There are 2 protein chains.
Amino acid sequence: MAAQRKTRPDALTLEVVDLVGSVVARYHEDYEEAAARHSLTGAQARLLGLLSLEPLPMRRLAQKLKCEPSNVTGIVDRLEARGLVERRPDPADRRVKLAAATDEGREVARGLREALHFAREPLAGLSHEERLSLRDLLRRMLDEGA
Amino acid sequence: MAAQRKTRPDALTLEVVDLVGSVVARYHEDYEEAAARHSLTGAQARLLGLLSLEPLPMRRLAQKLKCEPSNVTGIVDRLEARGLVERRPDPADRRVKLAAATDEGREVARGLREALHFAREPLAGLSHEERLSLRDLLRRMLDEGA
DNA sequence: CCCGCTTGCTTGACACACTGAAATATTCAG
DNA sequence: CTGAATATTTCAGTGTGTCAAGCAAGCGGG
């Protein structure tokens, strides 16, 4: 599959790597900015986004966010203080606490998603076919890369 | 060009947006991990990467990193303490301090870049033509989106 | 010349994200 | 029932980031 492994990447590859870097940077700025408009930090926005889909135990949140559970405690604390998230006991296991978005939390998450769709949509400039091919290329990248 | 503006994005667009999100997440993990292997934080690695190309005044660094100058002070302080960066006076203007990578700093930056090329190369699985078309699509995205 | 404005950098106080270790509560296997 | 494993929290410590204030150096007009 790979035409090269440890060998020097060619100019084209370097350029693509660079472009990906730019896209990543742009995406991040937009994300943080959208979060800030709702008085949230990036971490809080990501966590709230997860909880807007379904309640999750703290442990699962930590896994999804790829950080230590002790870190999640603080983020949930702050969102809870703002009334966007609440902690509920898990009826099946009294050790676990389920974090769940409140109605207001889901509302904020929805607003955030929409702000992001706008922000993320430099895609709008691409035709249907181009989007199709971009989708396939990105899928391939994600598959190959581990 | 754009088939829609404020209207609901179609399923394909949503999927692409999602894929971009995944690529961004993956890229970030790899970046942080590569930095950590050199005992650097992401911010330190980014700053060192900039300085490995050319010395820059603190002010310019803040602009490139999109943060406050007062923040740059701390990051440069830590890199300077590790001997990877040094502050020099600007002969043209005694107010400005030029941050420059030391030899060791450039060496670390080089190692980091290579680690990143590896990490960033889920691209290796794509053919030359595919990379070409990916490059064009990414360029279009970046152009359109501002 | 020198006064006042601007510019570049640093400092200090503060919030948040994050980690790692220790404490607590609960589950679960033997 | 006892001891190991699991879920969460607390605490101390580091780094990133902001904002306001301070200091030094450039710069323009009287």
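Given the structure is predicted, the values throughout are model-derived calculations rather than measurements. Lettering of chains follows the sequences in order, A, B, ..., and the numbering in each one begins at 1. Hydrogens, waters and symmetry mates play no part in the numbers below; they use all other heavy atoms, side chains included.
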For residues 44-52 of chain A, please give each side-chain donor-acceptor pair under 3.5 Å, one per line with the distance, not counting sequence neighbours.
{"unit_1": "Q44(A)", "atom_1": "OE1", "unit_2": "T41(A)", "atom_2": "N", "d": "3.2"}
{"unit_1": "S52(A)", "atom_1": "OG", "unit_2": "G49(A)", "atom_2": "O", "d": "2.7"}
{"unit_1": "S52(A)", "atom_1": "OG", "unit_2": "R113(A)", "atom_2": "NH1", "d": "3.2"}

Quiz item: Quick one: does R82(A)'s side chain have a donor or acceptor within less than 3.5 Å of a partner on S39(A)'s backbone?
Solution: yes
Self-check item: R106(B) bridged to D103(B) by N-O distance under 4.0 Å
Solution: yes
Quiz item: Does the side chain of K97(A) get closer than 4.0 angstrom to OP1 or OP2 of dT9(D) through an N or O atom?
Solution: yes
Quiz item: Does dT16(D) have OP1 or OP2 sitting under 4.0 Å from an N or O in the side chain of T41(B)?
Solution: yes
Exercise. Take the protein atom CG of L40(A) and the nucleotide atom P of dA15(C), then report the distance between them rounded to whole Å.
Key: 18 Å
Quiz item: What's the CG-P distance between D90(A) and dT8(D), to the nearest Å?
Solution: 9 Å
Self-check item: Donor-acceptor pair present, S70(B) side chain and dG17(D) base, under 3.5 Å
Solution: no
Practice problem: Rounded off to whole Å, could you give me the CD-to-P distance for the E68(B) and dG8(C) pair? | Solution: 14 Å
Exercise. Return no unless some side-chain N or O of R94(B) is found under 4.0 Å from OP1 or OP2 of dG26(D).
Key: yes
Self-check item: Residue whose nearest DNA chain C nucleotide is more 5′ - A92(A) or C67(A)
Solution: C67(A)
Quiz item: Is a donor on one side and an acceptor on the other found under 3.5 Å between the side chain of E80(A) and the backbone of R87(A)?
Solution: yes
Quiz prompt | 5' precedence on DNA chain C between R59(B) and G74(B) (nearest-nucleotide basis) | solution = R59(B)
Self-check item: Spacing between L79(A) atom CG and dC16(C) atom C1', to the nearest angstrom
Solution: 12 Å
Practice problem: Give the rounded distance in Å between these two atoms: CG of N71(B) and P of dG12(C). | Solution: 16 Å
Quiz item: What is the distance, rounded to the nearest whole Å, between atom CD of Q44(A) and atom P of dC18(C)?
Solution: 10 Å
Quiz item: Among dT8(D), dT26(C), dT16(D), which is the nearest nucleotide to the side chain of D93(A)?
Solution: dT26(C)
Quiz prompt | R87(B) side chain near dT10(C) phosphate (N/O to OP1/OP2, under 4.0 Å) | solution = yes
Quiz item: In whole angstroms, how far is the C1' atom of dC23(D) from the CE atom of M58(B)?
Solution: 16 Å
Exercise. In sequence, state the C-alpha distance, the side-chain angles, and the governing distance for E29(B) and R26(B), and then conclude on salt bridge (Lys or Arg N to Asp or Glu O under 4.0 Å).
Key: CA-CA 5 Å; E29(B) 287 166 43; R26(B) 182 92 123 250; over 6 Å; no
Quiz item: Quick one: D77(B) CG to dT14(D) C1', roughly how many Å, whole number?
Solution: 14 Å
Quiz item: dT6(D) base to R95(A) side chain: any donor-acceptor pair below 3.5 Å?
Solution: yes
